[in-house]
There are 2 protein chains.
Amino acid sequence: MATGFPPPLLDRLSYLLGKLHFRALEAEGEGLASLNVNVKQHAALSVLVEEGPMTQQELGQRMGIDRTTVVSVVDGLDDGGLVERRRSPADRRAYLLTLTPSGCDAEERGRHLVAEAEKEILEGLDEPDRARLRELLVRALGTG
Amino acid sequence: MATGFPPPLLDRLSYLLGKLHFRALEAEGEGLASLNVNVKQHAALSVLVEEGPMTQQELGQRMGIDRTTVVSVVDGLDDGGLVERRRSPADRRAYLLTLTPSGCDAEERGRHLVAEAEKEILEGLDEPDRARLRELLVRALGTG
DNA sequence: TATTGTTATACTCTATAACTATA
DNA sequence: TATAGTTATAGAGTATAACAATA
């Protein structure tokens, strides 16, 4: 039951962002659940689709997460048969993470599910405003 | 060193919001550190300033956090002498959280520190765009 | 019997340190 | 010696369950 947000918190940027962030994670996660991947795992798939095979170390750097965290993310994808760990010929300590056909498929379908979920999250905004919000967020974040 | 964000993640709403949320928490937290309160504690002070004395239960509902979490938030404020736990005359199980003069002062000064920190976070945007971003976030969140 | 504040406990998420196998 | 992946462990953050005092 909507008691409404306390006004003093509504002008706090971290509060606004936190609330919406939580909703986004929840909605995207529910959308992706049918594919048996979570938000972070699908993000990993997307990086691999867009940038090709890479080591776990590199994936972690791209995603901004520690390499120990990458292990559990990839474990799940590996168990689900969405990604394969292939020994790198160039450096046999490292794996070259490679998408399986199922992995490609899951990424593709997941992208649509995420898009739908996000439309739901932003249902209070019309399409131009949704685009504006995204654009402002990207611009606020800068280049890196 | 800015390696840039992976493009596949840049159109993921949860990723954008998460990154900026993290930055906001960090910047606001650093700003408030000089007052020996964290972001959540200052938010509590603001709710009490705006809405007057209330029980811990009510504060938790206003802030959207569990009452067990409220305990530690108020513990810190109590230790710092910013808030007093006064037994409610109407219901002696409950405390009526009341701001001390130091608490009022800290809230006031904190509000300016937060505002400065947020300007920093959004330095990539000019003033009209900052206002637009806030407005879009509030509208996306809806009424409750 | 229900509720307020509290404590103890557990769970999630993530990072640090230490291990192994390679380099 | 340094690095990739892994494991064990610890830390922050928050919630659930149980308890004492009060309603």
Side-chain angles (χ1 to χ4, degrees), chain A residues 9 14-15 17-19 21-26 28-30 32-33 37-44 47-48 53-79 83-98, chain B residues 9 14-15 17-19 21-26 28-30 32-33 37-44 47-48 53-79 83-98:
Chain A
L9 303 187
S14 61
Y15 185 82
L17 291 168
K19 281 285 183 205
H21 179 217
F22 182 75
R23 280 199 200 170
L25 275 182
E26 228 179 16
E28 292 177 16
E30 282 170 19
L32 290 170
V37 294
N38 61 33
V39 174
K40 194 158 289 183
Q41 286 168 336
H42 184 257
V47 171
L48 291 172
M54 63 181 71
T55 67
Q56 297 189 179
Q57 191 98 226
E58 288 166 338
L59 179 62
Q61 286 163 358
R62 295 308 269 156
M63 296 182 65
I65 60 179
D66 193 83
R67 56 190 219 279
T68 61
T69 306
V70 175
V71 174
S72 63
V73 173
V74 173
D75 277 351
L77 295 172
D78 196 354
D79 289 349
V83 145
E84 277 178 13
R85 284 171 159 117
R86 300 189 183 161
R87 282 291 172 195
S88 164
D91 183 345
R92 287 180 37 213
R93 291 171 302 182
Y95 289 123
L96 228 50
L97 299 174
T98 312
Chain B
L9 303 187
S14 61
Y15 185 83
L17 291 168
K19 283 284 182 205
H21 179 218
F22 182 76
R23 282 200 200 168
L25 275 182
E26 229 180 15
E28 291 177 17
E30 282 170 20
L32 291 170
V37 295
N38 61 34
V39 173
K40 193 158 291 184
Q41 286 168 337
H42 183 258
V47 171
L48 290 172
M54 63 182 71
T55 67
Q56 297 188 180
Q57 190 98 230
E58 289 166 338
L59 179 60
Q61 285 163 358
R62 296 306 273 155
M63 296 182 66
I65 60 180
D66 192 85
R67 55 188 220 278
T68 61
T69 306
V70 174
V71 174
S72 63
V73 172
V74 173
D75 277 350
L77 295 172
D78 196 354
D79 290 348
V83 146
E84 277 178 14
R85 283 173 160 117
R86 298 189 186 163
R87 281 291 171 197
S88 164
D91 183 344
R92 286 178 40 212
R93 292 171 302 182
Y95 289 123
L96 228 50
L97 299 174
T98 312

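So that the names make sense, note that chain A is the first sequence line, chain B the second, and so on, each numbered from 1. Just so it is clear, the model here is predicted, and its values are computed rather than measured.
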Can you give me the closest heavy-atom contact between A:N38 and A:Q41, atom names plus distance?
OD1-N, 2.7 Å

If only side-chain N and O atoms count, and only distance matters, is there a donor-acceptor pair under 3.5 Å linking B:Y95 with B:R87?
yes

Specify the separation, in whole Å, of atom CD of A:E26 and atom P of C:dT12.
15 Å

Would you please confirm or rule out a distance under 4.0 Å between OP1 or OP2 of D:dA4 and any side-chain N or O of A:Q56?
no

In terms of the nearest nucleotide of DNA chain C, which residue is placed more toward the 5' end: B:D75 or B:Q57?
B:Q57

Distance in Å, A:T69 OG1 paired with A:L59 CG, rounded so as to fall on 0.5 Å steps:
11.0 Å

Given B:S14, which of A:R23, A:E28, A:H21 fulfils the side-chain hydrogen bond (donor to acceptor under 3.5 Å, both in side chains) condition?
A:E28

Report the residue from A:Q61, A:R67, A:R85 that forms a side-chain hydrogen bond (donor to acceptor under 3.5 Å, both in side chains) with A:Q56.
A:R85

NZ/B:K40 to CG/B:L25 distance, rounded to the nearest 0.5 angstrom?
9.0 Å

Which pairs, protein N/O on one side and nucleotides 9-14 of chain D N/O on the other, fall under 3.5 Å?
from	atom 1	to	atom 2	distance (Å)
D:dT14	OP1	B:K40	NZ	2.4
D:dT14	OP2	B:K40	NZ	3.1

Test side chain to side chain contact (heavy atoms under 4.5 Å, CB included) applied to B:T55 and B:L96, step by step:
CA-CA 5 Å; B:T55 67; B:L96 228 50; 4.1 Å; yes

Kindly give the atom pairs (protein nitrogen or oxygen, nucleotide nitrogen or oxygen) under 3.5 Å for nucleotides 18-23 of chain C.
from	atom 1	to	atom 2	distance (Å)
C:dA23	OP1	A:R92	N	2.9

To the nearest Å, how far apart are A:H21 NE2 and C:dC13 C1'?
12 Å

Once rounded to the nearest 0.5 Å, what's the spacing between atom CG of A:D78 and atom OG of A:S72?
12.5 Å

